[in-house]
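Worth knowing before you read on, the calculation uses all heavy atoms, side chains too, and leaves out hydrogens, waters and symmetry mates. Chain letters run A, B, ... following the sequence lines, proteins first and then strands; every chain starts at 1.
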Amino acid sequence: MTKNFQKLPNKGETQFSFGVGAYDPKLVEEKIYSIWEKSGFFNPDNLPAQAGLPKAKEFFGKAQDKNYIIYMPLPNVTGTLHMGHLLNNTLQDVLIRYERMRGKRALYLPGTDHAGIATQFVVEKELKKEGINRWDLGREKFIARVWEWKNKYGDLIFNQLRKIGVSADWSRARFTMDQAYSDDILKTFVHYYEKGWVYQGLRTVNWCPRCGTSLSELELEYADEKTTLYYIKYGSFTLATTRPETKFGDTALAVNPKDERYKKYIGETIEVDSLSTDGELEKPEIKKIKLQIVGDDVVDIEFGTGVVKVTPAHDILDFEIGERHKLPMIQVINERGRMNESAGKYAGLKTTEARKKIVEDMKSVGLLVKEELYDHRIAKCYRCNTVIEPIPSKQWFLKMKELAKLAKKAVENGKVEILPKNFEKPYFDWLENIRDWTISRQIWWGHQLPVYYCKCADCDHAIVSLEQPKSKCPKCDCKEYRRSEEVLDTWFSSALWPFAGLSASDLKNYYPGNALITARDILNLWVARMIFSGLEFQGKLPFSKVFIHGTILTKEGKRMSKSLGTGVDPLKYINEYGADATRFGIIWQANGQDIHWDETSITAGRKFCNKIWNASKFVLSNVSEMGKIEKFKPTTEADKKIIAALEKIKISSGKNIETFNFSEALHEIYDFFWHDFCDEYLEIAKSQLAEKKTVETTKKILSYAIFESLKIIHPFMPFVTEEIYGILPIAGRKLLMIEKL
RNA sequence: GGACGGUUAGCUCAGUGGUAGAGCAUCGCUUUUACACAGCGAGGGUCGCUGGUUCGAUCCCAGCACCGUCCACCA
């Protein structure tokens with residue numbers, strides 16, 4: 001079998017190179033991918049001087065509107081290919097290949113995300129096997145370890161993407177911690193600071209005691225759990241809480257001002273019996289404490305008893321109540337999730353242990369009224385699954401008010417279209433109820449804040465600067481500073497991907513981009529932030545359309561997840577059925593709804609590969625030469641019918657791709673090729689080829705139809721079509737991936 | 001609690017105001033100058049339930065049930 005297009009015979013020579021039996025992707029895919037990569041055509045600007053290939057300008061032209069870019073959603077360096085990537089990257093590849101064949105300078109921009117917490121967690125797990133932790137190693141050595149890890153494994157996913165045929169320009173691959181990218185990020189921070197939007201504040205934040213860092217609300221995951229709801233006596237009031245261990249941090253009781261039962265108490269300060277933190281651990285005692293009673297709308301009259309204890313230090317909602325009513329804040333839990341010295345004799349206990357003990361003690365002194373079982377949602381760290389502990393912490397925040405307005409307006413006025421349209425609502429909901437973004441993280445792997453703290457004890461004055469400040473501290477005259485040890489939220493850097501990932505000239509040529517293809521779970525986490533970042537820093541939207549594809553669920557409709565063991569490995573399918581069949585299978589099912597993954601659609605894809613292969617073989621056995629392939633005037637009814645169907649499918653499949661109806665496009669292409677072309681026309685062609693009158697026309701139509709079909713199918717199933725194209729005796733052959741569609 | 005989506009053949013899903021479709025699976029026949037990963041043909045569905053609009057509803061409307069995803073400050 002001749003496999004390499006460069007070694008193919010010239011026109012006129014007969015070539016039977018399909019061999020015997022079914023199409024075998026194993027003999028084809030790796031070879032074809034390497035031909036593509038070597039051709040240089042993944043990079044629309046940098047074509048190799050390869051014999052027989054057209055020059056860039058000839059093919060693409062110069063006009064700006066011929067530039068087309070898709071930003072690959074950044075895979076994490078810890079990432080390996082999963083079904084979500086398979087769907088997402090395949091759809092993008094269909095688009096980019098389609099646009100490339102339509103004559104655009106199509107750039108598919110790849111990159112990887114340093115993925116702060118995720119990557120740090122992976123390396124920490126490695127260290128754990130060696131019996132050490134990151135503090136044993138120290139910051140510098142630890143970061144060196146992470147880099148080592150990144151250099152070794154960080155690009156694995158790129159090779160997996162190559163396996164599915166992704167035609168990204170790997171020469172442009174960026175990493176969010178590349179020097180230029182990092183510089184942009186720090187400048188962004190300073191820019192926001194100078195606008196007065198970055199500020200430092202002591203607030204109760206979501207804290208992961210294991211990772212030792214704050215998290216944004218989008219980095220939490222929730223688990224339904226049965227918890228006990230404890231009814232506790234506070235003087236004449238009884239209230240319900242799931243977290244009795246935070247009671248020593250209570251600084252008020254809150255009721256709803258509309259609540260007839262309690263509104264008369266608002267403003268009063270009461271003295272109540274509480275558990276004492278003094279004395280011996282084994283001897284629970286009662287102590288009088290004073291609490292004020294505040295009225296606040298957030299209190300639900302229906303829930304529990306309608307009275308809430310307010311613990312500003314350990315609950316985000318309570319913190320907000322505290323701010324509204326100027327309540328003091330008492331921290332009783334530390335960064336490691338243990339009770340601190342303010343908890344007196346309970347200090348040192350883990351919160352769960354403390355809860356048990358405190359409940360026991362309250363029982364024995366008569367403060368516990370009753371317990372009931374309660375369905376509760378518990379926030380957990382999205383990386384390590386540790387229960388989140390809200391604690392007060394000094395963090396850096398980005399004011400979201402103005403940025404959210406930008407992002408909201410862009411969609412409202414239609415400059416950015418979110419498709420399907422019903423995803424606009426969750427987008428608006430988030431932006432309308434947005435809180436300031438906690439952008440600092442207390443981990444080590446990431447972009448260190450461009451912040452310097454005065455070294456003097458008690459001063460700690462912070463200066464935001466790209467360089468080590470040389471001037472005296474305006475607060476204490478000291479001249480020595482230390483760089484902040486905190487790093488930025490990973491999403492702070494991914495938000496800049498559409499422009500920080502581009503060189504100056506690429507920025508000029510390719511920004512703004514076109515369509516963004518993504519899954520709905522990162523609509524706010526990523527898409528909204530790219531939108532306001534693009535507007536803020538480039539003055540232009542990064543893309544005009546956001547297409548949200550379905551989420552892949554198990555056949556039973558459950559979420560696919562590693563921890564649940566419900567995930568499947570797309571590489572398994574590629575090995576077993578080939579990349580084309582796998583691509584076919586996933587697009588076949590991706591109709592817009594969430595996908596209940598059914599691998600039998602890959603079977604259909606494999607069969608379709610074989611059908612294309614064999615139909616091509618039949619054409620080749622009858623057509624020894626495919627000179628100038630052009631539309632030929634049909635003569636018989638069958639000829640007319642097939643040409644008409646072909647012209648129709650060319651137009652409608654293109655339209656469907658451009659409107660993101662990938663599945664529909666594939667279904668109609670399948671129907672056309674299998675039924676109209678193979679079942680009907682090929683059968684009639686057999687008799688037409690036996691007739692002197694029709695033999696020549698039939699050959700021309702077969703040549704034309706197979707060639708056009710290969711082009712139409714190519715964006716979906718690039719390997720098999722490219723291979724066949726390389727076998728057919730086409731005059732002036734180059735590569736199917738750059739044939740004009 | 002809210003939002004959104006779903007409920008059609010054994011399975012996964014399309015679809016239309018007027019005798020219901022695909023892929024996979026099943027059954028029968030066929031090795032005919034591409035393909036048995038095939039061809040031809042067949043079986044299989046009161047299109048979640050209850051009302052309403054209509055000459056006519058799987059499709060439109062209302063209510064209900066169940067399933068799912070996301071969001072939310074019920075401590």
Can you tell me the distance, in whole Å, between the [atom1] atom of [X] and the [atom2] atom of [N]?
X       : N      : atom1 : atom2 : value
F423(A) : U69(B) : CZ    : P     : 14 Å
R377(A) : G2(B)  : CZ    : C1'   : 12 Å
M560(A) : U69(B) : CE    : P     : 13 Å

Under-4.0 Å side-chain N/O to phosphate OP1/OP2 contact, [X] with [N]:
X       : N      : answer
N591(A) : A14(B) : yes
H667(A) : G23(B) : no
R435(A) : C73(B) : yes

*asked:* For the C1' atoms, the ones on C29(B) and on G15(B), what distance do you get once it is rounded to whole angstrom?
replied: 31 Å
_Inter-nucleotide C1' distance (G63(B), A25(B)), Å rounded_ =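 It works out to 38 Å between them.
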*Any chance NZ of K711(A) has more than 12 other-residue heavy atoms, nucleotides or ligands included, within less than 6.0 Å?*
yes
Complementary nucleotide for [N] - Watson-Crick or wobble, under 3.5 Å:
N      : value
G63(B) : C49(B)
U16(B) : none
C70(B) : G2(B)

Output a table of nitrogen or oxygen pairs between the protein and nucleotides 31-40 of chain B separated by less than 3.5 Å.
{"unit_1": "A34(B)", "atom_1": "O2'", "unit_2": "N614(A)", "atom_2": "OD1", "d": "3.1"}
{"unit_1": "A34(B)", "atom_1": "N7", "unit_2": "K686(A)", "atom_2": "NZ", "d": "3.4"}
{"unit_1": "A34(B)", "atom_1": "N6", "unit_2": "C678(A)", "atom_2": "O", "d": "3.4"}
{"unit_1": "A34(B)", "atom_1": "N6", "unit_2": "E683(A)", "atom_2": "OE2", "d": "3.1"}
{"unit_1": "A34(B)", "atom_1": "N3", "unit_2": "N614(A)", "atom_2": "O", "d": "3.4"}
{"unit_1": "A34(B)", "atom_1": "N3", "unit_2": "A615(A)", "atom_2": "N", "d": "3.4"}
{"unit_1": "C35(B)", "atom_1": "O4'", "unit_2": "N614(A)", "atom_2": "OD1", "d": "3.1"}
{"unit_1": "C35(B)", "atom_1": "O4'", "unit_2": "N614(A)", "atom_2": "ND2", "d": "3.3"}
{"unit_1": "C35(B)", "atom_1": "O2'", "unit_2": "N610(A)", "atom_2": "OD1", "d": "3.1"}
{"unit_1": "C35(B)", "atom_1": "O2'", "unit_2": "N614(A)", "atom_2": "ND2", "d": "3.3"}
{"unit_1": "C35(B)", "atom_1": "O2", "unit_2": "K611(A)", "atom_2": "NZ", "d": "2.8"}
{"unit_1": "C35(B)", "atom_1": "N3", "unit_2": "K611(A)", "atom_2": "NZ", "d": "3.1"}
{"unit_1": "C37(B)", "atom_1": "O2", "unit_2": "R606(A)", "atom_2": "O", "d": "3.3"}
{"unit_1": "A38(B)", "atom_1": "O3'", "unit_2": "K611(A)", "atom_2": "NZ", "d": "3.0"}
{"unit_1": "G39(B)", "atom_1": "OP1", "unit_2": "K611(A)", "atom_2": "NZ", "d": "3.3"}
{"unit_1": "G39(B)", "atom_1": "OP1", "unit_2": "W674(A)", "atom_2": "NE1", "d": "2.4"}
{"unit_1": "G39(B)", "atom_1": "OP1", "unit_2": "D679(A)", "atom_2": "OD1", "d": "3.2"}

